Amino acid sequence: QVGDRLDKVAIQTGLSVEQLQALQFAASQSGVATETFNSSMNKFNRILGEAADGIPKAQESYKNLGIQIRKDDGSLKNSATLLLEVADAFKDIEDPAMKAKKATDLFGRAGIDLIPMLQNGADDILTFESRLRDAGGVMNEAATKDIAAFNDSLDLLSRVTLVNFSKILVPILPALTVMAGRIGTR
């Protein structure tokens, strides 16, 4: 199930499977629940998309931190790169109220929960990533795809088995109901 979930969340968050695991670990080590991190990254991506589409409020969220969302060639930076840039910008914000505002601007309400992860900058996040990789704790993309395919096959098998069992059971339900009724009256 873990590999399957990683595969699907990576698609939702716009991160590679490897990046997702590393960032989830950094979040966890900072006291941030995995689901909180995942939902915050979904919001982060949505706001990034809005900024790329020219929505002023979303653009200001990045501009106020001195972050450019586009590379020199005009293409959009990926979420992992921007998250690290945001972390470096947070390192320089001293006022807790401003940290809270900037975090909610970029990550939604749960952004406040990410402050412990962001406040020490990108180097801290990258250190967690290195620790996880060095310990052999990162599953590669191919493995998660294989696990996802296997889980999908198991889901199909389970549903087909249930339907076929029901087809066998339906004709004998009246007799089973009578038997159950007799057992209950003794």
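Numbers here are sequence positions counted from 1. Since the model is a prediction, treat every value here as computed from it, not as a measurement. Because only heavy atoms are used, hydrogens play no part in the values below, and waters and symmetry mates are left out as well, while side chains stay in.
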Measure the acute angle between the ring planes of Phe107 and Phe44, then classify it against the limits of 30° and 60° as parallel, tilted or perpendicular. parallel
All heavy atoms of Lys102 vs all of Ile93, minimum pair found to be CG-CD1, 4.2 Å
If every non-hydrogen atom of Ala58 is compared with every non-hydrogen atom of Ala51, which pair is closest and at what distance? CB-N, 3.4 Å
Between Leu114 and Ser40, what is the shortest heavy-atom contact and its length? CD1-CB, 3.6 Å
Please report the interatomic distance CD(Gln29) to CE(Met117), rounded to the nearest 0.5 Å. 11.0 Å
Return the CG to CG distance between Leu48 and Leu83, rounded to the nearest 0.5 Å. 11.5 Å
For the pair Asp113 (side chain) and Val32 (backbone), establish whether a donor and an acceptor sit closer than 3.5 Å, ignoring hydrogens and angles. no
By side-chain hydrogen bond (donor to acceptor under 3.5 Å, both in side chains), which residues pair with Asn38, not counting sequence neighbours? Gln24
Heavy-atom closest pair, residues Ala122 and Ala87: N-CB, 3.7 Å
Other residues, nucleotides, ligands: >12 heavy atoms within 6.0 Å of Lys101 NZ: no
Could you measure the distance from the CE atom of Met98 to the CG atom of Leu65? Nearest 0.5 Å is fine. 8.5 Å
Straight-line distance of Leu82 CG to Glu85 CD, nearest 0.5 Å: 5.5 Å
With side chain to side chain contact (heavy atoms under 4.5 Å, CB included) as the test, would you mind laying out the steps for Arg133 and Glu18 before giving the verdict? CA-CA 9 Å; Arg133 286 185 191 281; Glu18 291 89 352; 3.7 Å; yes
Heavy atoms from other residues, nucleotides or ligands near CD of Glu60 exceed 12 (cutoff 6.0 Å): yes
Inter- and intrachain pairs under ring-ring contact (aromatic ring centres under 6.0 Å, His included), touching residues 66-96, at least two apart: none
Tyr62 OH to Asp105 CG distance, which is reported to the nearest 0.5 Å: 10.5 Å
Looking at Leu20 and Val9, what are the two nearest heavy atoms and their distance? CD2-CG1, 3.6 Å
For Asp73, all residues meeting side-chain hydrogen bond (donor to acceptor under 3.5 Å, both in side chains), sequence neighbours excluded: Ser75
Over 12 non-hydrogen atoms of neighbours within 6.0 angstrom of CZ in Arg70: yes
Is it the case that one hydrophobic cluster holds both Leu173 and Phe165, taking links as side-chain heavy atoms less than 4.5 Å apart, direct or via other members? yes
